Amino acid sequence: MARNRQRDRQQKQYPRLTHPLVRDPVSGELRPASWDEALSRAAAGFRAVTAAHGPDAFGMFSCSRATNEMNYVAQKFARVVMGTNNVDSCNRTCHAPSVAGLSAVFGSGGGTSSYGEVEDTDLIVMWGSNARFAHPIFFHHVLKGIRNGARMYAVDPRRTSTAEWAESWLGLNVGTDIPLAHAVGREIIHAGLANHAFIERATSGFEEYAAHVEPWTPSVAEKVTGVPADAIRDLAHAYATAERAQLCWTLGITEHHNGTDNVRALINLALLTGHVGRYGSGLQPLRGQNNVQGGGDMGAIPNRLPGFQDILDPPVRSKFERAWDVVIQPRYGLNLTEMFEAMEAGELRAVYCIGENPAQSEADTEQAIRRLTSLEHLVVQDIFLTRTAELADVVLPATAAWCETDGTTTNSERRVQRVRKAVEPPGEAREDIDILCELARRLGHDWEFADAEEVWNELRAVSPDHFGMTYERLEKHQGIQWPCPSTDRLEPTYLHGRLWESDPARRGARAPFGPVKHDPPVDLTDDAYPIRLTTGRRLDSYNTGVQSGGFASPLRRGEYIELCPEDADRYRVEAEEWVRVTSRRGSVVAPVWIDPGLRPGLAFMTMHFPDEVDTNSLTIEANCPIAGTAEFKASAIRIEKLPVTAVRS
């Protein structure tokens, strides 16, 4: 048997942190330390950096897997203790464009529907989402909807396992979502299927939108998107004529240099047809981490205070200043992307990173690590010694949010649910909030919370959307969706029903159409880099693999460069054969996997195995200017067959 290389199938195992670590000034290595030494080192570093360079030299990376209560305290730490709004989390690498797009239209960044409505709807459009792999819980609701008679359309460059359940798969070229959405919108208008009663009552900017999409006939769109014109017309008519329809998307829409524009293009279709603000009709951005919605809701983002309240609104800011007895900066802080750019400029010099692994999750890995190592002071608080933690000056062992901690999390349908401590943490690991409070005390703020419920009640006092959610009610109702401003009633499961009110005063602000332009991927393919690489997830693994890699899976097969049979033939490579994959930023070697769901010229990889194959050394840091999300979905690469080395079979 001849093979390029004998492959080690063992994924790197990250050790659970059980005691604090500090970097030894003599050896330069991390060594065990007492909690007192570690906390004092962490606090001293933050104090020194801000004393020398001001509060905005500090940045907080909060955690989308930790509880709402932890995220509330973390953003409060940044704003009250450190005096900056530089706080963000991994929402920046995934769904920030969804939040920006939805906020611009409706004033709220949450998905508009509940999971249960997917079971009762008539049409489901899965756009840029392999939900069966990336969101399996949500996909169970989709399957129930299909069994109840809903039709499903899948829009995705790959014919994924999600698309296998669809009535129709629209296989578009990567980065052509806007032309496709415009063509669908134009067809709806020309077919006389637009909901003009809703448009006139509840929206603005329709005429400009109609003129903007007019050039995008299905035939023109076919040439750009690769989707047959008849399939475009079919989707347009199905969506417009459905009594109820859910338009769902994931990172295939958001992880582009124009992700927010992509989101606006989809929202336009909902405004055009009135598929929003009604039971069964809505917009569903599917969140990947268990609490990426809640992290933003708790204010762990640079432009919003808890309850998604705008930090530039003087009455809102005054409310929090009275509650926290501090002056809050009247300006937005830096988002995650901007904080990395500030590291490059030498303006951000200290980072407190809780539960994030940016050294491996950011696009262009080499650049991300270089920037992190340039910091004067890096403190990592986590449950594993991640690649990022290996770079830190101080490492603080925390508890796992989902089994060693009490609190709440908020899922994609805005449902706040209790999580409870079930097991004791190992070794000296301590709860996140306890660690944050100890650091706050060392920096002059005598914080103490008796338990997670006390944190939650402080949040309820400043966030009207959460006021009605006592722990008792959350338990009684097995979770409650926000908004919940009252303790004696529950709101509808869907948002923006006001748009259907006949009374203009109750209807409120109109939802604006957002004409957006097609803007192809930044990293263009050419003769040197002829293959389009797109990225995504697999069912059995999770993000950078730190957590999921520690558990065996019969489905896990490690990282591959997936090619269609035609491209495999063109490069004369076979399954399991190793090839070199090169982009304009880096190069990796990876084994080949043959996937008939791909089309010629399109390759697929994940970020789940960065220690084995560092896919993010290939991806480009071309960011959405509105949301800051990088274009993980569209890199140009070339593939080179490696010299064959004979080995014994």
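These figures come from a predicted structure and were not determined experimentally.
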Is it the case that the side chain of [X] and the backbone of [Y] share a donor-acceptor pair, with hydrogens and angles ignored and the cut-off at 3.5 Å?
X    : Y    : result
N291 : T410 : yes
S62  : D88  : no
Q293 : G110 : no
E117 : G280 : yes
T162 : A131 : yes
N130 : R537 : no
S103 : V99  : yes
Q547 : Y542 : no
Q481 : E413 : yes
E559 : T606 : yes

Could you check if a side-chain atom of [X] sits within less than 4.5 angstrom of a side-chain atom of [Y], using non-hydrogen atoms only?
X    : Y    : answer
N262 : P97  : no
L348 : R371 : no
L286 : Q284 : yes
T112 : Y494 : no
M126 : Y153 : no
K633 : T535 : yes
E631 : T619 : no
R532 : P521 : yes

Side chains of [X] and [Y], donor plus acceptor under 3.5 Å:
X    : Y    : value
N357 : T544 : yes
N290 : W402 : no
S541 : R556 : yes
S129 : T250 : yes
T254 : S98  : no
D177 : W127 : yes

State the [atom1]-[atom2] distance between [X] and [Y], to the nearest 0.5 angstrom.
X    : Y    : atom1 : atom2 : result
R557 : F609 : CZ    : CZ    : 8.5 Å
Q309 : D297 : CD    : CG    : 11.0 Å
S463 : L305 : OG    : CG    : 10.5 Å
E621 : N616 : CD    : CG    : 11.0 Å
Q329 : N86  : CD    : CG    : 7.0 Å
L459 : T408 : CG    : OG1   : 7.5 Å

- Report the relative orientation of the aromatic rings in Y115 and F138; use parallel for angles under 30°, tilted for 30 to 60°, perpendicular for over 60°.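 Correct class here is perpendicular.
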- Message: Angle between ring planes, H466 versus W482, binned at 30° and 60°: parallel, tilted or perpendicular?
- Response: tilted
- Item | Listed partners of R370 passing side chain to side chain contact (heavy atoms under 4.5 Å, CB included), at least two apart | E344, Q367
- D310 meets the side chain to side chain contact (heavy atoms under 4.5 Å, CB included) criterion, sequence neighbours left out, with R304, L312, D313, Y332
Exercise: identify the closest heavy-atom pair between [X] and [Y]:
X    : Y    : answer
N258 : D519 : ND2-O, 3.4 Å
C94  : L251 : CB-CD2, 3.5 Å
S89  : S64  : OG-OG, 3.2 Å
I146 : W165 : CD1-O, 4.0 Å
H256 : C624 : O-CB, 3.8 Å
I480 : C484 : CG2-SG, 3.9 Å

- Task: Go through the steps for R585 and D523 under the test salt bridge (charged side-chain N to carboxylate O under 4.0 Å, His left out), then give the verdict.
- Result: CA-CA 11 Å; R585 290 152 297 283; D523 199 15; 2.6 Å; yes
- Given the rule in the side chain to side chain contact (heavy atoms under 4.5 Å, CB included) test, do Y72 and I433 qualify, once you have shown the distances and angles that lead to the verdict? CA-CA 9 Å; Y72 175 82; I433 293 174; over 6 Å; no
- Query: For E366, does the CD atom have more than 12 heavy-atom neighbours from other residues, nucleotides or ligands under 6.0 Å away?
  - Reply: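 Counting neighbours around CD of E366, 12 or fewer heavy atoms of other residues, nucleotides or ligands fall under 6.0 Å, so no.
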- Check the pair Q381, F61 against side chain to side chain contact (heavy atoms under 4.5 Å, CB included), reporting the backbone distance first and the verdict last. CA-CA 10 Å; Q381 183 168 310; F61 297 176; over 6 Å; no
- Message: Evaluate D614 against R387 for salt bridge (charged side-chain N to carboxylate O under 4.0 Å, His left out), listing each step before the verdict.
- Response: CA-CA 12 Å; D614 188 3; R387 181 73 182 93; over 6 Å; no
- Message: Give me each pair satisfying ring pair (Phe, Tyr, Trp, His ring centres under 6.0 Å) with a member in residues 352-375, each pair once, sequence neighbours excluded.
- Response: F46-Y352, F77-Y352
- V105 vs R264, side chain to side chain contact (heavy atoms under 4.5 Å, CB included): CA-CA, chis, key distance, verdict: CA-CA 8 Å; V105 179; R264 292 296 298 269; 3.3 Å; yes
- Can we say R538 and E562 salt-bridge, meaning some charged N sits less than 4.0 Å from an Asp/Glu carboxylate O? yes
- Message: If you apply the rule side chain to side chain contact (heavy atoms under 4.5 Å, CB included), what do you find for R414 with L495, and how did you get there?
- Response: CA-CA 10 Å; R414 298 170 280 104; L495 294 178; 3.5 Å; yes
